[in-house]
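See structure below.
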Amino acid sequence: EELLADSNRLLDQLKALDEQKRKQLDGLIDDAQAGDPIKGRAVFFAANSKCSSCHRIGTEGGQIGPDLTTVGRIRDEKDLLESIVFPSASLAREFEPYTVLLTDGRVISGIVVHETTASIHVQQSEGKPLIIARDEVDSIVPSTISIMPQGLQKTLSENELADLVAFLRTLKK
């Protein structure tokens, strides 16, 4: 009972944050529907957006994040915007992040892409997977923070974001 007031205050803060996120997404949806898919393809493969360094479309792009070849078949504008603007809001299966605490105190965050009895391979947001010997691992715990960078929408203009979403919506092969 002594924690009830603090708990309710925390819940109110969480509700306000969710409402703020919803309003931000709602404000971007109209723009996204007016985007240019041809320009959006250029945004996807541009160096400043870094989308293609992690995500693959067909045979182009990286393999760190989910393959987006058919994402337009299963995601609408709002889903796509949420994934870009709030990447930790929902995590794709097989791409769930983990936090690995090592015996020397270091902390590694990423996706466990391969495991053996002797080692684990952790893919961070960039580069090749780190191979960590099992005897160096103190603990492995699921994380709620995506390895996809936060704030991508701050590096893109509103038009570029709209174009990117319009392009992703066309991916239905």
- [ ] Output yes when K78 and D76 qualify as a salt bridge under the 4.0 Å nitrogen-oxygen rule, no when they do not.
- [x] no

Task: Minimal non-hydrogen separation, S90 against E82, with atom names - done: OG-OE1, 4.5 Å

Open item on the list: Show the nearest heavy-atom pair for residues R56 and G61, with the distance to one decimal.
Closed with: NH2-O, 3.1 Å

Open item on the list: With heavy-atom distances below 4.5 Å as the criterion, would you say the side chains of R134 and E115 are in contact?
Closed with: yes

- [ ] Take I64 and V113, measure what side chain to side chain contact (heavy atoms under 4.5 Å, CB included) needs, and give me the verdict at the end.
- [x] CA-CA 9 Å; I64 295 172; V113 293; over 6 Å; no

Open item on the list: Do L4 and N8 have side chains that approach each other closer than 4.5 Å (heavy atoms only, starting at C-beta)?
Closed with: yes

TODO: For the residue pair D67 and T69, confirm or rule out a side-chain donor-acceptor distance under 3.5 Å.
DONE: yes

Task: Distance-minimising heavy-atom pair for I147 and P97 - done: CG2-CB, 4.4 Å

Task: Closest non-hydrogen atom pair, S125 against C54 - done: O-SG, 3.7 Å

Open item on the list: Can you tell me how far apart OG (S146) and CD (E96) are? Round to the nearest 0.5 Å.
Closed with: 10.5 Å

- [ ] Considering non-hydrogen atoms only, spot the tightest contact between V85 and L25 and give its length.
- [x] CB-CD2, 4.4 Å

Open item on the list: Using 0.5 Å steps for rounding, measure from the CZ atom of R41 to the OG atom of S52.
Closed with: 9.5 Å

- [ ] Using a cut-off of 6.0 Å, state whether more than 12 heavy atoms not belonging to I38 lie near its atom CD1.
- [x] no

- [ ] Can you measure from CG (L28) to CG (L80) and round to the nearest 0.5 angstrom?
- [x] 12.5 Å

TODO: Check whether any side-chain heavy atom of N48 lies under 4.5 Å from a side-chain heavy atom of L156, and answer yes or no.
DONE: yes

Open item on the list: Keeping S49 on the side-chain end and V43 on the backbone end, is there a donor-acceptor pair under 3.5 Å?
Closed with: yes

Task: Pair D18 + R22: basic N to acidic O under 4.0 Å - done: no

- [ ] Go through I140 and V122 one step at a time and tell me if the side chain to side chain contact (heavy atoms under 4.5 Å, CB included) criterion holds.
- [x] CA-CA 11 Å; I140 303 173; V122 178; over 6 Å; no

TODO: Taking all non-hydrogen atoms of both residues into account, name the closest pair between P149 and P87 and its distance.
DONE: O-CG, 3.7 Å

TODO: Indicate yes or no for a side-chain donor-acceptor contact from Q124 to the backbone of K128 under 3.5 Å, with no hydrogens or angles considered.
DONE: no

Task: Close side-chain approach of I29 to V165, heavy-atom, < 4.5 Å - done: no

TODO: Kindly write out the residues that satisfy side chain to side chain contact (heavy atoms under 4.5 Å, CB included) with I131, not counting sequence neighbours, or none if the list is empty.
DONE: S119, H121

Task: Heavy-atom side-chain proximity of I84 to L168 below 4.5 angstrom - done: yes

Open item on the list: Test your reading of the model: is there a side-chain donor-acceptor pair from D36 to the backbone of D163, 3.5 Å cut-off?
Closed with: no

- [ ] Report the distance from atom CD of E126 to atom OG of S53, rounding to the nearest 0.5 Å.
- [x] 7.0 Å

TODO: Please round to the nearest 0.5 Å and tell me the distance separating atom CZ of R106 and atom CD1 of I132.
DONE: 7.5 Å

Task: Side-chain heavy-atom pair L68, F44 within 4.5 angstrom cut-off - done: yes

- [ ] For the pair R169 (side chain) and R75 (backbone), establish whether a donor and an acceptor sit closer than 3.5 Å, ignoring hydrogens and angles.
- [x] yes

TODO: Please round to the nearest 0.5 Å and tell me the distance separating atom OH of Y98 and atom OG of S109.
DONE: 13.0 Å

